[in-house]
Amino acid sequence: VIPISVTSIEQYSFSHCSSLKQIIIPFSVTKIGNYAFQKCLSLIKIVIPSSVREIGNFAFDGCSSLKIIIIPSSIKTISEGIFSECLSLTEILIPKSITTIECKSFYKCTSLQQIAIPSSVILIDDYAFYGCTSLKQITTPDSLTSIRNGIFSNCTSLEQFIIPSLCTEIGNEAFMECTSLKQISIPSSVTKIGEYVFSQCQSLVQVTFEDPSSVTFIGYCCFSRCLSLTQIVIPSSVKTIGKYVFYKCSSLEKITIPSS
């Protein structure tokens, strides 16, 4: 139990306290520092009071037994690596106060099955959900204007994903190794598809481009090793197709490439 005289839990305060099972944070605390509870391997549940305004980077990194965490609406940003490798975390409620989910926030949360991103979120940064191998469903708001690098890479259970209608760019490796992803539709707002975006999506059978398409660039190895893809129509808006785009697409029988 932390006494009410404490207003800040500073960086590394309880880091590597591997036997710590429970902690009660009082309403006097306004800040939780970087790595504050990193590698607290026995910590199962934590409730963050509404007095807390800031949670530092990697604050709960490697808390492999953590199953329940409640984030208050006083928090605006889910910091870098904050829940990375929380291997027992199955679900989390993101409050509507959140505007930014920083890079590697949920990196390798291998038990996370579903998550809903509120409409308040305008940025999900690189590799935020990388390696969430149990993630089957995720809902993202139309407020997102880009799908950043590696954001859902190696989410091997993800079967479907709707790209937000205002998204203009899909970053490198965004869906790489999403081996359960069966189909994807690229909205007309998207102008660029980066490198390795759908590489090794072995179950991907359908790729469609919403008409009229705005895509002008398809990057290096974008669809490489998509073993189930049998056909694809490249829209006339495309000006550049990178090297090895369809490398080892062993089932690909038909491809339509425009004169552009």
Cut-off 3.5 Å, no hydrogens considered: what does the side-chain donor-acceptor table look like for residues 165-182, sequence neighbours left out?
| residue | atom | partner | partner atom | Å |
| --- | --- | --- | --- | --- |
| S165 | OG | D142 | OD1 | 3.4 |
| T168 | OG1 | T145 | O | 3.2 |
| N172 | OD1 | E195 | N | 2.8 |
| E173 | OE1 | Y127 | OH | 3.0 |
| T179 | OG1 | T156 | O | 3.4 |
| S180 | OG | T156 | O | 2.5 |

N/O donor to acceptor pairs below 3.5 angstrom from side-chain atoms of residues 227-248, sequence neighbours left out:
| residue | atom | partner | partner atom | Å |
| --- | --- | --- | --- | --- |
| S228 | OG | Q202 | O | 2.6 |
| S237 | OG | S213 | O | 3.4 |
| S237 | OG | S213 | OG | 3.3 |
| S237 | OG | V215 | N | 3.4 |
| S237 | OG | V215 | O | 2.6 |

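Taking all atoms of both residues into account, the shortest heavy-atom contact from Q38 to D61 is NE2-OD2, 3.1 Å. Heavy atoms only, all atoms of each residue included: G33 and A59 are closest at O-CB, 4.0 Å. Contact record, L204 with C226: CD2-SG, 4.2 Å, taken as the closest heavy-atom pair. Contact record, P164 with P187: O-CG, 3.7 Å, taken as the closest heavy-atom pair. Of all heavy-atom pairs spanning F27 and S50, the tightest one is CE2-OG, 3.6 Å. Here the shortest heavy-atom pairing between C222 and I193 reads SG-CG2, 3.5 Å.
Using a distance-only test at 3.5 Å, with no hydrogens or angles considered, a donor-acceptor pair links the side chain of S84 to the main chain of G81. Put simply, the side chain of N34 gets close to the backbone of N57: a donor and an acceptor are under 3.5 Å apart. Using modelled atom types, one side-chain atom of S134 and one backbone atom of T110 make a donor-acceptor pair closer than 3.5 Å. Panel note: side chain S214, backbone S189; no donor-acceptor pair is recorded below 3.5 Å. For S97 (side chain) and S73 (main-chain N/O), a donor-acceptor pair under 3.5 Å exists by modelled atom type.
Clustering ILVMFWY residues whenever any of their side-chain heavy atoms sit less than 4.5 angstrom apart, transitively, puts I69 in a cluster other than the one holding Y107. A continuous path of ILVMFWY side-chain contacts below 4.5 Å connects I92 to I82, so both sit in one hydrophobic cluster. Under the 4.5 Å side-chain heavy-atom criterion for Ile, Leu, Val, Met, Phe, Trp and Tyr, F198 and V207 are members of the same hydrophobic cluster. Hydrophobic clustering keeps Y130 apart from Y196 (ILVMFWY residues linked when any side-chain heavy atoms are closer than 4.5 Å, directly or through intermediates).
Side-chain contact check for I23 versus F37: some heavy-atom pair is nearer than 4.5 Å. Counting only heavy atoms from C-beta outward, the side chains of I98 and I75 approach each other to under 4.5 Å. Using a 4.5 Å heavy-atom threshold, the side chains of F223 and I255 count as separate.
With rounding to the nearest 0.5 Å, the separation of CD in E85 from CG in L66 is 13.5 Å. Taking CD1 of I55 as the reference point, atom CD1 of I9 lies at 9.5 Å (rounded to 0.5 Å). Interatomic distance, CD1 of I68 versus CD1 of I44, reported as 9.0 Å (0.5 Å rounding).
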Intermediate values then yes/no, side chain to side chain contact (heavy atoms under 4.5 Å, CB included), I94 and I101: CA-CA 10 Å; I94 297 179; I101 299 175; 3.9 Å; yes
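In this structure, I162 places its CD1 atom where only 12 or fewer heavy-atom neighbours from other residues, nucleotides or ligands lie under 6.0 Å away.
Side chains of S224 and S199: a donor-acceptor N/O pair is present below 3.5 angstrom, by distance only.
For S74, there are no side chain to side chain donor-acceptor pair (under 3.5 Å) partners, not counting sequence neighbours.
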